[in-house]
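One is the number of the first residue; the rest follow in order along the sequence. Just so you know, ligand 1 is whichever comes first in the structure, and atom 1 is the first atom listed for that ligand.
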Amino acid sequence: MEDIDSKEFNGALFPLIGIWEGNKGMDTSPEPDGEEKAAYFETITIAPVGDAVNAEEQTLVVLQYTQSVTRKSDNKLFHHQVGYWYLDKEKDELFYSLTIPRAMCVLAQGRATVKGAVTEYELVANIDDKNYGIIQSKFLEKKATTRAFQMQLSVEGDTMRYKMLTNLFIYGRDFEHTDENILTRVV
Ligand code: HEM
């Protein structure tokens, strides 16, 4: 077994490992008559799991993460997300899963690119994609459908930046639910 904390083992996922905190978050979420913007702070914890071999053929290097997001105005947890980062180093293919406590899951696919000191991660999932898609409860499908998810995230040293775009259909219209933040590695 390789040392799962080693840079070589984790490859392009290695820069993600750590405990990250950020208090510059901004959420735009849907309201029946428009939108609500909310400033937030959050902690993202990302840790190695090890490797997973599929069908004796595909080796995935895997990290697990937990994201806890608190609204600044009332200090209430208003978003929580758990999942995995997976990298198939041979195929240079990246996967990202998320589960949120609204009864929905996403498996997104993309790529990690190292550009000098910066590692960039891009991920996409779409409701019409049978592999990299969205699973949601009947209620959500009917009343607050998630149609697509995209994330751009970068790490440079101890700084992480991300933008997430969740395309919803809610209250009879399309809505771009967005979230972004800048975080610092604290551990
Ligand atoms: C930092 C990240 C996020 C924050 C802070 C956040 C926050 C929010 C807030 C405040 C609402 C409105 C809830 C209400 O009306 O009472 C909302 C709605 C929703 N969010 Fe997020 N969200 C985040 C990420 C995501 C992601 C990644 C997804 C799915 C891929 C998602 C899916 C949804 C859905 C389906 C709704 C519709 C439910 C509704 O408005 O009633 N959110 N979110």
Sequence neighbours excluded and cut-off under 3.5 Å, please list the side-chain donor-acceptor pairs for residues 25-39, or say none.
{"from": "D27", "atom 1": "OD2", "to": "S29", "atom 2": "OG", "distance (Å)": "3.1"}
{"from": "T28", "atom 1": "OG1", "to": "K37", "atom 2": "NZ", "distance (Å)": "2.9"}
{"from": "T28", "atom 1": "OG1", "to": "T178", "atom 2": "OG1", "distance (Å)": "3.4"}

(request) Kindly state if atom 27 (C) of ligand 1 has a protein heavy atom within a strict 4.0 Å cut-off, that is, under 4.0 Å? (result) yes
With a 3.5 Å cut-off and sequence neighbours excluded, list the donor-acceptor pairs that the side chains of residues 114-128 form with protein atoms.
{"from": "K115", "atom 1": "NZ", "to": "E120", "atom 2": "OE1", "distance (Å)": "2.9"}
{"from": "Y121", "atom 1": "OH", "to": "A12", "atom 2": "O", "distance (Å)": "2.6"}
{"from": "N126", "atom 1": "OD1", "to": "D128", "atom 2": "N", "distance (Å)": "3.1"}

(request) Identify which protein N/O/S atoms are less than 2.8 Å from atom 21 (Fe) of ligand 1. (result) H177 NE2
(message) Quick test: of every protein heavy atom, which one is nearest to atom 15 (O) of ligand 1, and how far off is it to 0.1 Å?
(response) P30 O, 3.8 Å
(request) Would you kindly specify which portion of E42 sits under 4.0 Å from ligand 1, judged on non-hydrogen atoms: side chain, backbone, both or neither? (result) neither
(message) Is a donor from one side chain sitting under 3.5 angstrom from an acceptor on the other, for Y65 and Q81?
(response) yes
(message) List the residues meeting salt bridge (Lys or Arg N to Asp or Glu O under 4.0 Å) with D158, not counting sequence neighbours, and say none if there are none.
(response) R185
(request) Scan the protein's non-hydrogen atoms and note whether one is under 4.0 Å from atom 22 (N) of ligand 1. (result) yes
(message) Heavy-atom distances under 4.0 Å decide this one: backbone, side chain, both or neither, for L168 against ligand 1?
(response) side chain
(message) Within 45 degrees of the ring normal and closer than 6.0 Å to the centroid, is that where the cationic atom of K89 sits relative to F9?
(response) yes
(request) Provide, to 0.1 Å, the distance between atom 39 (C) of ligand 1 and the closest protein heavy atom, together with that atom's residue and name. (result) I170 CD1, 3.7 Å
